[in-house]
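What follows is a single structure, written as C-alpha cells, with notes after it.
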Amino acid sequence: MTIQWFPGHMTRAKRQIEEKLKLIDVVFELLDARIPQSSRNPMVDEITASKPRLVLLNKADLADPALTAEWSSYFRAKGLATHVIDANAGTGVKELASKAKELLQEKIQRQVDKGMKPRPVRALIVGIPNVGKSTLINRLAGRNIAITGDRPGVTKGQQWIRFGGELELLDTPGILWPKFDDPIAGFRLAATGAIKEEVLHIDEVACFVLKVLVENYGSVLKDRYGLEGLPAELPDMQAAIDVLESIGKRRGCIVSGGHVDFEKAATLLLRDLRSGKLGRMTLESPDNA
Ligand code: GDP
C-alpha cells in the first residue's frame, strides 16, 4: 500500500489508532527484523502508551539470526516484551496468544478470582507500511482477507479474526508513518523496499547497502558476485561506486560503449538483498541504535 504521509494524514492515523485502542487489550508492534530501529514509528511509544505492547520482529527468515537475538535483548532491556516471527511461513505465529496472555496475566487473574471465564485477548497490529501487517493478519485468519486502509467512521465495519479460542485480532491494522527526518533510516527503509525507489535514487541506495554489506558480510558479497580484492570497508561514495561497477561488470549490466549500467546493477543488488538471495542480513545493529 502506498501512502503519501503529510501532517494531516499523520494526525488522522494517530486518531484512528487511538479509536482502535479502546477496543483492544494488547498491541502487537510489528517491525522488520532487518531494520528494527528504522522500521519503528517515531511516536509509537506515545501513541500506544495506554496498552501493553508486544514487539514482533517480523521477516526473521531474512534477518541475521545473531543480530535478531541482539535486538530482542535490546528491546527487552527497554522493558518491551519481544517475540521473533516469520509471518510468511508462520514461524512463531502460534505462540502469539500465549505471549499476549503473559502480558495480561494480572488482569486475567483478577477475572478468574472473580469467578469469571477469561475472554479471548483482543489485539491490534500496528506498524509502518511493508512490515508485514497484512501477511500476519492473513496468517492468523487462515485465509486471504482484503486488508483495506482505514475508512471514514474509523471503527465501523471492523471485524474480529479469531485465532484459536484465546486470541482475537482486529482485521484492520493501525498504519503508522515511517521516520522521515533521519537520512540513514531512509536508506535502510529504501534498501528493504519500505520506501519507494522514486523517493531515494536507486544507485545511492545500492551504494549505502554496499557499505553495510562490505563491512559486515564481505565474504557473502565476494562469493555471490565473484569480486576480487574487496576492501574491509568503503571509506567514501567513490569506493562504493567502484564495487557497484565491479558487480555490474560481473553480471553483464553493460550499456552500449561497454560502460556499466549502474541503475541495472543497483536493481540487481537490491533485488538479491530483498529476496534473501544474499543470505540472511540485518542492516543495523543495536550498537548504533
Ligand atoms: P503491510 O504493508 O505491513 O501490510 O505489509 P505486507 O503484509 O503487505 O508485506 C509486505 C511484503 O513483505 C510482502 O511482499 C510480504 O510477502 C512480505 N513479508 C511479510 N512478512 C514476511 C516474512 O515474515 N518474511 C518474508 N520473507 N517476507 C514477508
Side-chain angles (χ1 to χ4, degrees), residues 1-2 31-39 58-68 86-89 128-132 134-135 178-179 182-285 288:
M1 192 185 301
T2 310
L31 303 179
D32 185 326
R34 297 166 298 173
I35 50 165
Q37 189 66 25
S38 299
S39 61
N58 187 36
K59 307 199 187 186
D61 56 310
L62 297 173
D64 182 329
L67 277 166
T68 300
D86 162 2
N88 239 2
I128 66 166
N130 204 49
V131 283
S134 314
T135 308
K179 294 187 169 140
D182 174 356
I184 300 291
F187 277 120
R188 288 176 179 140
L189 287 161
T192 59
I195 288 183
K196 291 272 159 266
E197 253 126 42
E198 305 88 72
V199 180
L200 287 169
H201 206 278
I202 189 164
D203 307 11
E204 271 189 88
V205 177
C207 285
F208 169 82
V209 163
L210 281 173
K211 191 167 162 48
V212 178
L213 299 198
V214 165
E215 281 166 23
N216 301 291
Y217 304 101
S219 61
V220 180
L221 212 53
K222 255 186 223 164
D223 292 349
R224 171 102 192 148
Y225 302 113
L227 302 176
E228 308 284 343
L230 200 61
E233 54 184 64
L234 302 179
D236 52 31
M237 189 73 163
Q238 187 54 51
I241 292 170
D242 292 345
V243 177
L244 190 59
E245 187 168 24
S246 304
I247 293 174
K249 276 188 192 145
R250 298 289 307 194
R251 284 305 166 100
C253 307
I254 307 289
V255 282
S256 59
H259 298 295
V260 165
D261 181 341
F262 282 96
E263 206 165 304
K264 204 166 166 193
T267 306
L268 182 136
L269 174 74
L270 293 179
R271 198 182 301 139
D272 283 357
L273 174 78
R274 290 171 189 162
S275 65
K277 284 206 182 99
L278 288 173
R280 300 173 70 175
M281 292 178 170
T282 297
L283 300 178
E284 63 186 352
S285 108
N288 44 42

Do [X] and [Y] make a side-chain contact, defined as non-hydrogen atoms from C-beta onward lying under 4.5 Å apart?
{"X": "D32", "Y": "L62", "answer": "no"}
{"X": "K59", "Y": "N130", "answer": "yes"}
{"X": "V220", "Y": "L213", "answer": "no"}
{"X": "R224", "Y": "R251", "answer": "yes"}
{"X": "L278", "Y": "Y225", "answer": "yes"}
{"X": "L273", "Y": "R34", "answer": "no"}

Side chains of residues 232-240: which donor-acceptor partners sit under 3.5 Å, not counting sequence neighbours?
residue	atom	partner	partner atom	Å
D236	OD1	Q238	N	3.3
D236	OD1	A239	N	2.9
Q238	NE2	D242	OD1	2.9

Could you give all pairs that pass the side chain to side chain donor-acceptor pair (under 3.5 Å) test and reach residues 204-215, with sequence neighbours left out?
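Checked against side chain to side chain donor-acceptor pair (under 3.5 Å) - neighbours excluded - the pairs reaching residues 204-215 are K211-E215.
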
Could you state the interatomic distance from OG1 (T267) to CD1 (I202), rounded to the nearest 0.5 Å?
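Here the rounded value is 3.5 Å.
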
Side-chain donor or acceptor of D64 paired with backbone N/O of T282 under 3.5 Å:
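It does not hold such a pair.
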
Within the distance-only criterion (no hydrogens, no angle test), does the side chain of T135 pair as donor or acceptor with the backbone N or O of A87 below 3.5 angstrom?
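Side chain of T135 to backbone of A87: no pair is present.
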
Please tabulate, one pair per line, all N/O donor-acceptor pairs under 3.5 Å involving side-chain atoms of residues 182-195, not counting sequence neighbours.
residue	atom	partner	partner atom	Å
D182	OD1	I184	N	3.0
D182	OD1	A185	N	3.3
R188	NE	L283	O	3.4
R188	NH1	E284	OE1	2.9
T192	OG1	R188	O	3.4
T192	OG1	L189	O	2.9

What is the minimum heavy-atom distance between A206 and A266, and which atoms define it?
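Closest heavy-atom pair between A206 and A266: CB-CB, 3.5 Å.
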
Minimum-distance pair of heavy atoms, taken over all atoms of V131 and S39:
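Result for this residue pair: CG1-CB, 4.1 Å.
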
Between I254 and V260, is a side chain to side chain contact (heavy atoms under 4.5 Å, CB included) present by the stated rule, with each step listed?
CA-CA 4 Å; I254 307 289; V260 165; 4.1 Å; yes

